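Here the structure is a predicted model, which is why all the values come from computation and not from measurement. Start at 1 with the first residue, then count along the sequence.
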Amino acid sequence: MGRPPKANTTESMNEITQDLLDILNTAGNGTSAYLQGEHSEHTSGIRIPYLAFQWLVGGVDILPIQRFVGISGLPKSFKSTLNIEFGNWTLMQGGFHIAIDNEGKTSASMLSAMSRMSPELLAAATARRPFKPTESIEEWQETIIKLIKHARKTGNKPKGKRIPIYVSVDSLNGKTSKSTQEKIAKEGSAEDRAFPVDAMKISRFLKSISLIGTTMNVGYVQHLMQDLGAAPGYGGPSYKESGAVMVSY
């Protein structure tokens, strides 16, 4: 039987810990490594103001920063309203909400109607909610990339001066890509409309970008469509996300 290791002094353990942190910080080019006990000092989020939603998500009272928030549901299920509500929480806590409308249905009056705030806060929020209509998948993706680059500058500010940003996209494929639009305009009801290509564009985009180093969240709406290839069960027809299943989309 081997002998148990001799107890190390606190000083020598601190040296080993620092050596391990140095190794982790020189590996790759991501964010800095830190001890688990310091995790709360390196994370932040938007406080969830309503007890009902805290209960809905398992008792959590913080919406973390640097996350993609996907909202899926059937038509008229208030998906867009929930996405705007997350932006409202960000505005209420001194941040910015950038609303990207990829379906051509949102208006300034609609955003104001969904903002259940006091008149004073609503007036202040109006100056911190940029609104951008987009006409294709490529356009909202390019917009997101530029916003991430800008948000990384905000994320580098010292603690206490960082500004949260919430970007809402409604919806991922509300309008087809420019190439698909041109193809349909030219050929009409063409057999190959490149819809699988659009789905692949979105899948690759979401897998390739990262919000690390920012104070930004991105929330997107995705419509559920009836799965025509599945036989209806006792609960009625089955639904899936348009373009692909959630695991790969």
I137 with F68, same ILVMFWY side-chain cluster at under 4.5 Å | yes

Please say which of T90, V167, T143 ends up in a side-chain contact (heavy atoms from CB on, under 4.5 Å) with I98.
-> V167

What pairs with S77 under side chain to side chain contact (heavy atoms under 4.5 Å, CB included), at least two apart in sequence or on another chain?
-> K79

Do Q18 and D22 meet the criterion of a side-chain donor-acceptor pair at a distance under 3.5 Å?
-> yes

Separation of F53 CZ from L63 CG (nearest 0.5 Å) | 7.0 Å

Does a sphere of radius 6.0 Å around CZ in F78 hold more than 12 heavy atoms from other residues, nucleotides or ligands, not counting ones at 6.0 Å or beyond?
-> no

Could you give all pairs that pass the salt bridge (Lys or Arg N to Asp or Glu O under 4.0 Å) test and reach residues 60-74, with sequence neighbours left out?
-> R47-D61

Results of side-chain hydrogen bond (donor to acceptor under 3.5 Å, both in side chains) for K146 - residues two or more places apart only | E142

Starting at CG of D19, measure out to CG of L24 and round the result to the nearest 0.5 Å.
-> 11.0 Å

Counterpart residues, side chain to side chain contact (heavy atoms under 4.5 Å, CB included), relative to V60 (two or more places apart) = V57

So, N83 and Y166: side-chain donor and acceptor under 3.5 Å apart, yes or no?
-> yes

Can I46 be reached from L56 by stepping across I, L, V, M, F, W or Y side chains whose heavy atoms are under 4.5 Å apart?
-> yes

Set of residues satisfying side-chain hydrogen bond (donor to acceptor under 3.5 Å, both in side chains) with respect to N217, sequence neighbours excluded | none

If we ignore angles and hydrogens, is there a donor and acceptor under 3.5 Å between the side chains of E85 and W89?
-> yes

Side chain of R128, backbone of H97: donor and acceptor closer than 3.5 Å?
-> no

Rounded to the nearest 0.5 angstrom, the CZ-OG1 distance for R162 and T214 is 11.0 Å

Could you tell me which residues satisfy side chain to side chain contact (heavy atoms under 4.5 Å, CB included) with F205, sequence neighbours excluded, listed by chain and number?
-> W140, Q141, I144, I145, I209

What distance do T215 atom OG1 and I65 atom CD1 have between them, rounded to the nearest 0.5 Å?
-> 6.0 Å

Hey, what do you get for CD1 (I148) to OG (S210), rounding to the nearest 0.5 Å?
-> 7.5 Å

Could you grab the distance from atom CG of L147 to atom CE of M216, nearest 0.5 Å is fine?
-> 5.0 Å

